[in-house]
**Student:** 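First, the structure itself, so that you have it in front of you.
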Amino acid sequence: MVKSYKVNKEKNIGNVIFILEGSKTEFNVLETIFVKYLGYEMVKLKRGAGGYVFKGKNPYSKIIALNFQGNHLYEMNDEELNQLFYKMSSELGLKPEALPIYYIYDRDVKSYDESQVRDYVAKYSHPYDNADGSQGMLLLSYPAFESFIISCFGDDIYRTAIETGHELKRYMANEGVNQQMIRNDEEILKALEEIDKYIISKRLEAYDIDEFGKTSLEVYDSQQEFYVENGAFQLLSLFGVVLLDLGIVEEVVSA
């Protein structure tokens, strides 16, 4: 059964770190949702940029969005993380080791080996602490982050199959959809409903948001199985899980 949700625009989230694969669409969507829609503060440091860009002002809710030096998932290692942690600590006065971290990446079949990506999904399964002492939750989009955008505007988008992010961008252009159109609760909640519909369609176990890493791995395996059989991924972005995990979106439980 698809769950019912509501947006809590009064939710204070403190400081939250996002490490993004792309340096354009992902930043634009985060700014649209967190700054323009929710009224949070955003600090951006894009790959190759000369310094930070600050958007909005909110002492209780701030997101810090950054890129690694490279745009590949393989850049996610202790050396890169230590450099970013030092930068945030020395320049922004943050304690990254005490903050939730979300890695937002694409399931790019053209760039990544299947088994290696699966290892990353298994390893980075919690925003604070993982079993091996690492930190952060990896949330993939299939085949690309744009799946989140289009999930905000259609029904049963997960039934559509596309192989690459380039093809997905063409599909979105044909549909006349872009991130600037995300303006209300209904659109954001649609993306969460798409996740639920996908999980139900694959007969995966109902997930516990506090242990979503297990579900993320099950989603990965089901998407990989579909790709092997069909040469494409079902449109799905797990980015929306962030909104649930931070309490910005809440499940509505019937009495």
Side-chain angles (χ1 to χ4, degrees), residues 3 5 11 13-22 26-27 29-30 33-34 38 40 42-43 61-68 71-78 80-82 84-85 88 94-108 112 115-145 147-148 151 188 191-192 194-196 198-199 204-224 236-251:
K3 300 174 183 177
Y5 299 105
K11 177 69 176 181
I13 62 171
N15 296 318
V16 180
I17 298 169
F18 291 87
I19 298 179
L20 309 175
E21 177 177 7
E26 289 91 331
F27 280 92
V29 170
L30 264 64
I33 293 176
F34 290 106
L38 291 169
Y40 293 172
M42 182 177 185
V43 181
S61 298
K62 178 192 295 183
I63 67 166
I64 301 92
L66 315 99
N67 293 134
F68 285 130
N71 64 347
H72 282 267
L73 189 62
Y74 306 142
E75 305 273 340
M76 196 185 299
N77 55 58
D78 290 342
E80 285 281 344
L81 285 171
N82 287 339
L84 279 183
F85 277 23
M88 285 186 279
L94 300 175
K95 294 183 178 180
E97 67 278 3
L99 302 178
I101 300 177
Y102 300 96
Y103 306 100
I104 309 300
Y105 275 73
D106 298 344
R107 172 59 182 109
D108 187 347
Y112 301 128
S115 62
Q116 287 179 302
V117 178
R118 191 182 193 280
D119 289 343
Y120 276 91
V121 175
K123 177 177 180 177
Y124 294 98
S125 60
H126 195 278
Y128 286 97
D129 298 300
N130 294 306
D132 64 352
S134 61
Q135 185 179 354
M137 176 184 285
L138 172 61
L139 294 170
L140 294 179
S141 296
Y142 303 84
F145 184 75
S147 288
F148 173 79
S151 293
I188 291 173
L192 274 296
E194 287 295 311
I195 296 175
D196 285 351
Y198 178 88
I199 288 172
L204 304 182
E205 290 184 25
Y207 63 85
D208 178 349
I209 192 61
D210 294 326
E211 300 293 337
F212 191 81
K214 177 176 179 290
T215 302
S216 183
L217 196 59
E218 291 175 348
V219 168
Y220 181 85
D221 288 339
S222 66
Q223 284 276 11
Q224 189 60 31
L236 183 74
S237 174
L238 297 183
F239 169 69
V241 170
V242 171
L243 304 177
L244 276 172
D245 198 41
L246 294 175
I248 296 168
V249 170
E250 302 172 347
E251 184 179 353

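Since the structure is predicted, the reported quantities are computational estimates derived from the model, not experimental observations.
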**Student:** With a 4.5 Å limit on heavy-atom distance, are the side chains of E21 and F145 in contact?
**Tutor:**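 Sidechains of F145 and E21: no contact.
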**Student:** Side chain of E26, backbone of Y105: donor and acceptor closer than 3.5 Å?
**Tutor:** no
**Student:** Going by heavy atoms in the side chains, are L38 and I33 under 4.5 Å from each other?
**Tutor:** yes
**Student:** Could you tell me the separation between the CG atom of L20 and the CZ atom of F27, rounded to the nearest 0.5 Å?
**Tutor:**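 Spacing of CG (L20) from CZ (F27) equals 4.5 Å.
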**Student:** Mind checking the CG-OG spacing from L140 to S147? Nearest 0.5 Å is all I need.
**Tutor:** 11.0 Å
**Student:** Just checking E211: does its CD atom have more than 12 heavy atoms from other residues, nucleotides or ligands closer to it than 6.0 angstrom?
**Tutor:** no
**Student:** Side chains of I63 and I13: closer than 4.5 Å at any heavy-atom pair?
**Tutor:** yes
**Student:** Rounded to the nearest 0.5 Å, what's the gap from CE on M88 to CG on L66? Could you check?
**Tutor:**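 It comes to 5.5 Å.
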**Student:** In Å, rounded to the nearest 0.5 Å, how long is the span from CZ of F148 to CG of L192?
**Tutor:**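 These two atoms lie 7.5 Å from each other.
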**Student:** Please report, to 0.1 Å, the donor-acceptor pairs under 3.5 Å made by any side chain of residues 236-243, with sequence neighbours excluded.
**Tutor:**
| unit_1 | atom_1 | unit_2 | atom_2 | d |
| --- | --- | --- | --- | --- |
| S237 | OG | S141 | OG | 2.8 |
| S237 | OG | F239 | N | 3.2 |

**Student:** Take Y40 and K11, measure what side-chain contact (heavy atoms from CB on, under 4.5 Å) needs, and give me the verdict at the end.
**Tutor:** CA-CA 10 Å; Y40 293 172; K11 177 69 176 181; 4.1 Å; yes
**Student:** For residues M137 and P127, report the shortest heavy-atom separation together with the two atoms involved.
**Tutor:**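 Distance-wise, the nearest heavy atoms are CE-CD, 3.6 Å.
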**Student:** With distance as the sole test, does D106 use its side chain to make a donor-acceptor pair with the main-chain N or O of D108 at under 3.5 Å?
**Tutor:** no
**Student:** Do the rings of H126 and Y128 sit parallel, tilted or perpendicular, given the 30° and 60° boundaries?
**Tutor:**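 If you compare the ring of H126 with that of Y128, the planes turn out tilted.
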**Student:** In sequence, state the C-alpha distance, the side-chain angles, and the governing distance for D221 and R118, and then conclude on side-chain contact (heavy atoms from CB on, under 4.5 Å).
**Tutor:** CA-CA 8 Å; D221 288 339; R118 191 182 193 280; 2.7 Å; yes
**Student:** Within this structure, what is the CD1-CG distance for the pair I64 and N15, rounded to the nearest 0.5 Å?
**Tutor:** 4.5 Å
**Student:** Atom CG of D196 and atom CG of L204: how far apart are they, to the nearest 0.5 Å?
**Tutor:** 11.5 Å
**Student:** Side chain of N130, backbone of G136: donor and acceptor closer than 3.5 Å?
**Tutor:**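 At least one qualifying donor-acceptor pair exists.
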**Student:** Specify the closest pair of heavy atoms between Y120 and M76, including all atoms of both residues, with the distance to one decimal.
**Tutor:** CE2-O, 3.7 Å
**Student:** Is there a side-chain contact between L244 and Y207 (heavy atoms, below 4.5 Å)?
**Tutor:** yes
**Student:** I want to know whether F34 and F18 have ring centres closer than 6.0 Å.
**Tutor:**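 Aromatic pair counts; centres sit under 6.0 Å.
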**Student:** Show, in sequence, the C-alpha distance, side-chain angles and deciding distance for F68 and N77, and conclude whether the side-chain contact (heavy atoms from CB on, under 4.5 Å) test is met.
**Tutor:** CA-CA 10 Å; F68 285 130; N77 55 58; over 6 Å; no
**Student:** To check you understand the geometry: which heavy-atom pair defines the closest contact between V121 and S216, and what is its length?
**Tutor:** CG1-OG, 3.6 Å
**Student:** When you measure from the side chain of D208 to the backbone of D210, do you find a donor-acceptor pair of N or O atoms at a distance under 3.5 Å?
**Tutor:** yes
**Student:** Got a salt bridge between E205 and K214, using NZ or NE/NH1/NH2 to carboxylate O under 4.0 Å?
**Tutor:** yes
**Student:** Run the numbers on V43 and K62 for side-chain contact (heavy atoms from CB on, under 4.5 Å), then give the verdict.
**Tutor:** CA-CA 8 Å; V43 181; K62 178 192 295 183; 3.9 Å; yes
**Student:** For the residue pair Y124 and L73, establish whether any side-chain heavy-atom pair is separated by less than 4.5 Å.
**Tutor:** no
**Student:** Could you work out, with side-chain hydrogen bond (donor to acceptor under 3.5 Å, both in side chains) as the rule, every residue matching E251, not counting sequence neighbours?
**Tutor:**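 Partners of E251 under the side-chain hydrogen bond (donor to acceptor under 3.5 Å, both in side chains) test: none.
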**Student:** Would you say the side chain of Y5 lies within less than 4.5 Å of the side chain of I188, judging by non-hydrogen atoms?
**Tutor:** no
**Student:** Given the ring of Y103, does K123 sit roughly above its face, with NZ or CZ under 6.0 Å from the centre of the six-membered ring and within 45° of the axis?
**Tutor:** no
**Student:** Please report the shortest heavy-atom distance between N67 and G22, naming the atom on each side.
**Tutor:**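 What the structure gives for the nearest pair is ND2-O, 3.0 Å.
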**Student:** Side chains of Q224 and V117: closer than 4.5 Å at any heavy-atom pair?
**Tutor:** no
